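Quick note: residue numbers are just sequence positions, from 1. What you see is a predicted model, and the numbers here were worked out from it, not measured in a lab.
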Amino acid sequence: MRPHEKALLLWSESDMDGVSGRVLNGFVFMVIIQLAVIFMFLAIGEFVVWFTGVPVPSSIIGMLMLTAALRLGVVRLRLVEGVAGVLVKNLGFFFIPAGVAMIDFFPVLRSQWLPIVASSAISTVIVLCVTGHFHQVSRKYLARHAGK
């Protein structure tokens, strides 16, 4: 287990017996820094949406800006890697509130189930076809231009 993963565990007293306070403080500090970087980009996304009025969720804008910062080398991967890994591993957990909230809309879901299922199925097929076509075109393009 990597050090950044140990920092994200909920440690009991017995787990911390062999761990010095200095090491534990280092882990906690690393987690705080990683969370601060992620929340900073979320806040920047919020500011962009507030300032421009663009109809895109601020979390998406923040995530795109974080991706750009990582690709450009402005932010080092180690500044977000540990916390991001834990968040991705537990991604399903974050859908529970949305699933529970759907209970409030059960009458709407019951009366509109056919359009919901049909639009979901049709949009899934469209996404699969477009993705497959784009993949084939990009592979052909890369194969033709690989020698140049």
For Gln112, the side chain to side chain donor-acceptor pair (under 3.5 Å) test, sequence neighbours excluded, returns none
Answer yes if Leu109 and Val100 sit in the same cluster of Ile, Leu, Val, Met, Phe, Trp and Tyr residues linked by side chain heavy atoms under 4.5 Å apart, and no otherwise. no
Could you see if Leu42 belongs to whatever hydrophobic cluster contains Phe47? Use Ile, Leu, Val, Met, Phe, Trp, Tyr and a side-chain cutoff under 4.5 Å. no
With [X], which residues qualify under side chain to side chain contact (heavy atoms under 4.5 Å, CB included), at least two apart?
{"X": "Ile32", "result": "Val28"}
{"X": "Ala84", "result": "none"}
{"X": "Val88", "result": "none"}

With ILVMFWY side chains joined below 4.5 Å, transitively, what does [X]'s cluster contain besides itself?
{"X": "Val117", "value": "Trp113, Leu114"}
{"X": "Phe105", "value": "none"}
{"X": "Val108", "value": "none"}

Shortest non-hydrogen pair, Arg78 vs Gln34, comes out as O-NE2, 3.3 Å
Mind listing the closest non-hydrogen atom pair of Leu70 and Val75 along with its distance? CD2-O, 3.4 Å
Quick check for you: to the nearest 0.5 Å, what is the distance between [X] atom [atom1] and [Y] atom [atom2]?
{"X": "Met30", "Y": "Glu81", "atom1": "CE", "atom2": "CD", "value": "10.5 Å"}
{"X": "Leu79", "Y": "Met40", "atom1": "CG", "atom2": "CE", "value": "9.0 Å"}
{"X": "Ile33", "Y": "Ile38", "atom1": "CD1", "atom2": "CD1", "value": "12.0 Å"}

Please, which pairs that meet side chain to side chain donor-acceptor pair (under 3.5 Å) have at least one residue in residues 90-100, sequence neighbours excluded?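 Not a single pair qualifies under side chain to side chain donor-acceptor pair (under 3.5 Å).
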Donor-acceptor pairs are to be reported for all side-chain atoms of residues 118-127 against protein atoms at under 3.5 Å, with residues two or more places apart or in another chain.
unit_1, atom_1, unit_2, atom_2, d
Ser119, OG, Pro115, O, 2.9
Ser119, OG, Ile116, O, 3.1
Ser120, OG, Ile116, O, 2.9
Ser123, OG, Ser119, O, 2.9
Ser123, OG, Ser120, O, 3.1
Thr124, OG1, Ser120, O, 2.7

Run the side-chain contact (heavy atoms from CB on, under 4.5 Å) check on Leu87 and Leu91 step by step: do they pass? CA-CA 6 Å; Leu87 291 174; Leu91 192 61; over 6 Å; no
Identify, with sequence neighbours excluded, every residue that meets ring pair (Phe, Tyr, Trp, His ring centres under 6.0 Å) alongside Phe94. none
ring-ring contact (aromatic ring centres under 6.0 Å, His included): pairs with one or both residues in residues 118-141, sequence neighbours excluded: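 For residues 118-141, and leaving out neighbouring residues, the ring-ring contact (aromatic ring centres under 6.0 Å, His included) pairs sorted by first residue read Tyr141-His145.
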Please set out all donor-acceptor pairs under 3.5 angstrom arising from side-chain atoms of residues 49-67, sequence neighbours excluded.
unit_1, atom_1, unit_2, atom_2, d
Thr52, OG1, Val48, O, 2.6
Thr52, OG1, Val54, N, 3.3
Ser58, OG, Glu46, OE2, 2.7
Thr67, OG1, Met63, O, 2.8

